[in-house]
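Basis for what follows: all heavy atoms, side chains included, without hydrogens, waters or symmetry-related copies. Count residues from 1 along the sequence. One-based numbering, in listed order, for ligands and for the atoms of each.
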Amino acid sequence: MSKTEEIRKGLVGVVADSTAISKVNPDTNSLLYRGYPVQDLADKKSFEEVALLLWAGELPTQDQLDDFIKLERANRALDPAVKAAIDLLPKDAHPMDVARTAVSVIGARHDDAENSDPSVELRKAKELFAAFPAVVAYDQRRRRGMDVIEPRDDLDYSQNFLWMTFGEEPAEEVVDAFRVSMVLYAEHSFNASTFTARVITSTESDLHSAVTGAIGALKGNLHGGANEAVMYTFNEIGIDENESRESAAERAKAWMEAALAEKRKIMGFGHRVYKSGDSRVPSMKAALDRMIDYYGRHEILGLYDGLENAMTEAKNILPNLDYPAGPTYHLMGFDTEMFTPIFIASRITGWTAHIIEQRADNALIRPLSAYHGPDQREI
Ligand code: ACO
């Protein structure tokens with residue numbers, strides 16, 4: 001067999017290493033975090049508990065959770081130097097670029113940036129988890145010409161995230177839908193951004209460099225950028241708050257048929273691993289339904305159903321997590337460009353768990369390539 005025949009373009013079907021962090025089973029559409037079904041975690045656990053589960057391998061005891069909550073609340077405020085770095089960027093810079101820059105600055109300013117002792121790595125992961133929401137919240141606000149809102153340590157992670165973004169105490173229903181999205185986005189084995197983080201870690205680079213690189217990988221439309229892109233589809237179809245659900249569904253169906261006839265790729269549909277449904281969609285769709293009821297925006301459900309039904313009928317390609325997550329964040333009031341940075345806030349847990357796991361049993365990740373350029377020649 002020649003080298004060319006051995007190529008697995010896109011590494012499709014390649015098992016690159018083993019992990020104890022999560023298990024994706026496309027045959028049963030299931031996703032386990034450290035053995036627990038993600039749907040159960042989304043139903044029953046706080047995001048803080050899920051973060052500790054991903055890092056430590058077990059759900060925390062009450063004392064462990066209390067200690068983490070204390071650390072998280074103590075590290076929430078936006079570092080003035082990070083704010084200054086963000087302020088150097090244009091207000092209309094893409095929030096993923098702002099996020100990538102902010103994490104890089106946070107890393108460069110960390111006293112223990114180069115220390116890869118596992119306990120130090122875990123502390124850095126927890127501090128970054130705590131510090132990142134203020135980056136998203138501030139960027140959202142500065143885009144709207146508003147100043148920083150200080151965190152409140154009487155609020156949990158999700159409540160405080162929404163508080164720092166919007167400056168209002170969020171309703172319980174909204175906090176819960178946000179928490180569900182955080183739990184569902186947290187981890188998904190060797191997806192492109194996690195694999196990027198592992199590649200960077202495998203060179204013995206530092207944790208913040210690995211997260212910064214992962215953010216770059218997450219930005220693209222084929223990965224995390226799809227939650228933002230889903231909303232552009234909704235906007236292209238047109239959102240009219242006064243439209244009936246049925247009429248919105250019909251327009252969405254017609255849009256999808258025309259888009260597929262033009263061979264367009266529809267964001268929020270399809271998945272490299274799941275071919276008969278993304279395990280995370282039912283929990284996220286239920287959270288979206290609750291938001292649609294809460295905000296009384298049934299035309300959004302019409303658009304959602306119209307697109308999904310037309311796609312199923314035409315190609316039987318099913319929604320991925322980004323499809324219900326995008327309109328959920330829209331209803332909460334986030335700017336569309338902020339959706340993928342919210343994904344980062346969640347995925348910092350999975351990325352850093354993988355960074356720690358990679359470091360514990362490291363081998364430099366360095367595949368081969370088959371050459372198809374000119375044969376050796378004279379200058
Ligand atoms: N819209 C239209 N057609 C699609 C879509 C889609 N969203 N997804 C797959 N297809 C079609 C392809 O055109 C291809 O058709 P063909 O065989 O006639 O050429 C076939 O289905 C197989 O598609 P691939 O792109 O080869 O499948 P792959 O496994 O490589 O891609 C991917 C998976 C990249 C996610 C793809 O489905 C896609 O681009 N989806 C849209 C982007 C998206 O939503 N990404 C989010 C991923 S989930 C996450 O990050 C949380």
Task: Region of Asp322 engaging ligand 1 - heavy atom pairs below 4.0 Å - done: side chain
Open item on the list: When you measure from atom 7 (N) of ligand 1 to the protein, is at least one non-hydrogen atom found at a distance under 4.0 Å?
Closed with: yes
Open item on the list: Counting non-hydrogen protein atoms only, what is the nearest one to atom 45 (N) of ligand 1? Give residue, atom name and distance.
Closed with: Leu222 O, 3.1 Å
TODO: Verify whether the ring centers belonging to His354 and Phe190 lie closer than 6.0 Å.
DONE: yes
Open item on the list: Can you check atom 1 (N) of ligand 1: any protein non-hydrogen atom closer than 4.0 Å?
Closed with: yes
Task: Heavy-atom nearest neighbour of atom 28 (P) of ligand 1 within options Arg272, Lys9, Met311, Arg264 - done: Arg272
TODO: Could you tell me whether atom 30 (O) of ligand 1 has at least one protein heavy atom nearer than 4.0 Å?
DONE: yes
Open item on the list: Between Phe178 and Phe161, is the ring centroid distance below 6.0 Å?
Closed with: yes
Open item on the list: Evaluate Ile266 for polar contact with ligand 1, using N/O atom pairs at a separation under 3.5 Å.
Closed with: yes
TODO: Please find out if less than 6.0 Å separates the ring center of Tyr323 from that of Tyr304.
DONE: yes
TODO: Quick one: pull up CD1 in Ile342 and CZ in Phe132 and give me the separation to the nearest 0.5 Å.
DONE: 10.0 Å
TODO: Within a distance under 4.0 Å of any heavy atom of Asn221, pick out the atoms of ligand 1 and give their elements.
DONE: 42 (C), 43 (C), 45 (N)
- [ ] For atom 47 (C) of ligand 1, decide whether some protein heavy-atom distance is shorter than 4.0 Å.
- [x] yes
Task: Where ligand 1 meets Ala226 - atom numbers and elements under 4.0 angstrom, heavy-atom basis - done: 43 (C), 44 (O), 45 (N), 46 (C)
Open item on the list: If you define the side chain from C-beta out and look only at heavy atoms, does anything of Ile239 sit under 4.5 Å from Met231?
Closed with: yes
Open item on the list: Closer than 4.0 Å to some heavy atom of Met267 - which atoms of ligand 1 meet that?
Closed with: 41 (C), 42 (C), 44 (O)
TODO: Could you list which atoms of ligand 1 come closer than 4.0 Å to a heavy atom of Gly268?
DONE: 43 (C), 44 (O)
Open item on the list: Is the distance between the ring centroids of Tyr274 and His188 under 6.0 Å?
Closed with: yes
Open item on the list: Using the ring centroid of each side chain, check whether Phe129 and Trp351 are separated by less than 6.0 Å.
Closed with: no
Task: Residue and atom name of the nearest protein heavy atom (relative to atom 13 (O) of ligand 1), distance in Å to one decimal - done: Lys265 CE, 4.2 Å
Open item on the list: Are Tyr157 and Phe68 an aromatic pair, judged by ring center distance below 6.0 Å?
Closed with: no
Task: atom 50 (O) of ligand 1 - nearest protein heavy atom and its distance - done: His223 ND1, 3.1 Å
Open item on the list: Please report whether atom 33 (C) of ligand 1 has a protein non-hydrogen atom at a separation of less than 4.0 Å.
Closed with: yes
TODO: Mind listing the closest non-hydrogen atom pair of Pro95 and Glu337 along with its distance?
DONE: CG-O, 3.4 Å
- [ ] Scan the protein's non-hydrogen atoms and note whether one is under 4.0 Å from atom 23 (O) of ligand 1.
- [x] no
Open item on the list: Strictly distance-based, threshold 3.5 Å: is any side-chain N or O of His223 a donor or acceptor partner for the main-chain N or O of Ser193?
Closed with: yes
Open item on the list: Given 3.5 Å as the limit, does a donor-acceptor pair link the side chain of Arg179 with the main chain of Ser46, or not?
Closed with: no
- [ ] Among all protein heavy atoms, pick out the one at the shortest distance from atom 41 (C) of ligand 1; state its residue, atom name and that distance to 0.1 Å.
- [x] Phe269 O, 3.3 Å
Task: Pick from Lys315, His271, Lys275, Arg280: the one approaching atom 3 (N) of ligand 1 most closely through a non-hydrogen atom - done: Lys315
TODO: Keeping the roles fixed (side chain from Asp322, backbone from Gly268), state whether a donor-acceptor pair exists under 3.5 Å.
DONE: no
Open item on the list: Can you confirm whether some protein heavy atom lies under 4.0 Å from atom 37 (O) of ligand 1, or whether none does?
Closed with: yes
- [ ] Using non-hydrogen atoms of the residue, decide whether Ile317 is closer than 4.0 angstrom to ligand 1.
- [x] yes
